There are 2 protein chains.
Amino acid sequence: MNIGTASRQSRLPVKTIRYYEEIGLVRPLRGENGYRDFSQTDLERLKFLQRSRSLGFSIEECRDLLSLYEDTNRASADVKAITRQKIQQVDRKIAELKSLKRVLLEMVEACHGDDRPECPIMDDLSGRARAPEGGGH
Amino acid sequence: MNIGTASRQSRLPVKTIRYYEEIGLVRPLRGENGYRDFSQTDLERLKFLQRSRSLGFSIEECRDLLSLYEDTNRASADVKAITRQKIQQVDRKIAELKSLKRVLLEMVEACHGDDRPECPIMDDLSGRARAPEGGGH
DNA sequence: CTTGACCTTCCAGTAACTGGAAACTCTAGT
DNA sequence: ACTAGAGTTTCCAGTTACTGGAAGGTCAAG
């Protein structure tokens, strides 16, 4: 099948598929006209990539998963371990964002937000201390 | 002051400061020897950038904030609006990550994780349906 | 035979740096 | 005066995972 068909069926942009070929994630055959010719197996790989990428695995992680995927003797435990690591990464990222949000919220709450030029948010960003407001920690 | 001193005082890597100059975020003077010479004002800008970047504002957002910062007539409301937007972005990102985590957790929980080759995680990634386990939601 | 969709390659750009090479300057110690 | 080492300069390339665009070849329908 041509790249356009593969694109629709894998829900990956054409450009992305070409890129995946470039970095060796798929190796479609070529027709006489030079067009890429994707087999069902190639399509499987593309779908696999689409899903694992959208689940936040990096290209390199996908490469690992893909080789595990195609190794019929691989242990389920290996895959589970990688997935667990990924969950931890996601957890860390969530925690980071939450603490970021907390700071931003504090800044917004301290800000009168009218058309006066004084602005506690700016003071925060510039490193000036903000006056404590009712002894919060 | 030299770039090394500015680096230590702003807690920005030397390379990053040069990059910020390249994209016009700071414009230090030059000494006779060609060395950058940072004024107190330059240092303020660098500190401002360090803080706002670490709070997740993009370079372009920082550029906007910086011009608001230096506009003594700007309204506090403008800054507040930008910060509110940023909070919404952070919220969206957190929600995304949480739903991502949910999927990953489901996969891990469905996986026996021993050395057998069958692996529900792989089945998920490859798009195969997984057998429902006790009436899922 | 033309039109338009689809395909090809190659080059460049994105965001925000980071690393490294080659060369110059400064400072402290001998 | 000389030298070693730290600090500085510019420039080029690499990172991640694509995305956009130009210039051109191919295919199917009418």
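Chain letters run A, B, ... following the sequence lines, proteins first and then strands; every chain starts at 1. Everything numeric here is computed off the predicted structure, so don't read it as measured data.
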OP1, OP2 of [N] versus side-chain N and O of [X]: anything below 4.0 Å?
X	N	value
A/R63	D/dT16	no
A/Y19	D/dT16	no
B/S58	C/dA15	no
A/N33	D/dC27	yes
A/R53	D/dC18	yes
B/R36	D/dT8	no

Nearest listed nucleotide, side chain of [X], among [options]:
X	options	result
B/Y20	C/dT18, D/dC18, C/dC17	C/dC17
B/R18	C/dC17, C/dC26, D/dT9	D/dT9
A/K15	D/dT19, D/dA17, C/dC26	D/dT19
B/I3	C/dC6, C/dA16, D/dT8	D/dT8

Inset, instruction - Specify the separation, in whole Å, of atom CG of B/N2 and atom C1' of C/dT27. - result: 12 Å
Legend entry - Rounded interatomic separation in angstrom, taking CD1 from A/I23 and P from D/dA17: 8 Å
Inset, instruction - State whether a side-chain donor-acceptor pair under 3.5 Å links B/K47 with B/Q50. - result: no
Inset, instruction - Take atom CD of B/E118 as the centre, draw a 6.0 Å sphere, and report whether it contains more than 12 heavy atoms from other residues, nucleotides or ligands. - result: yes
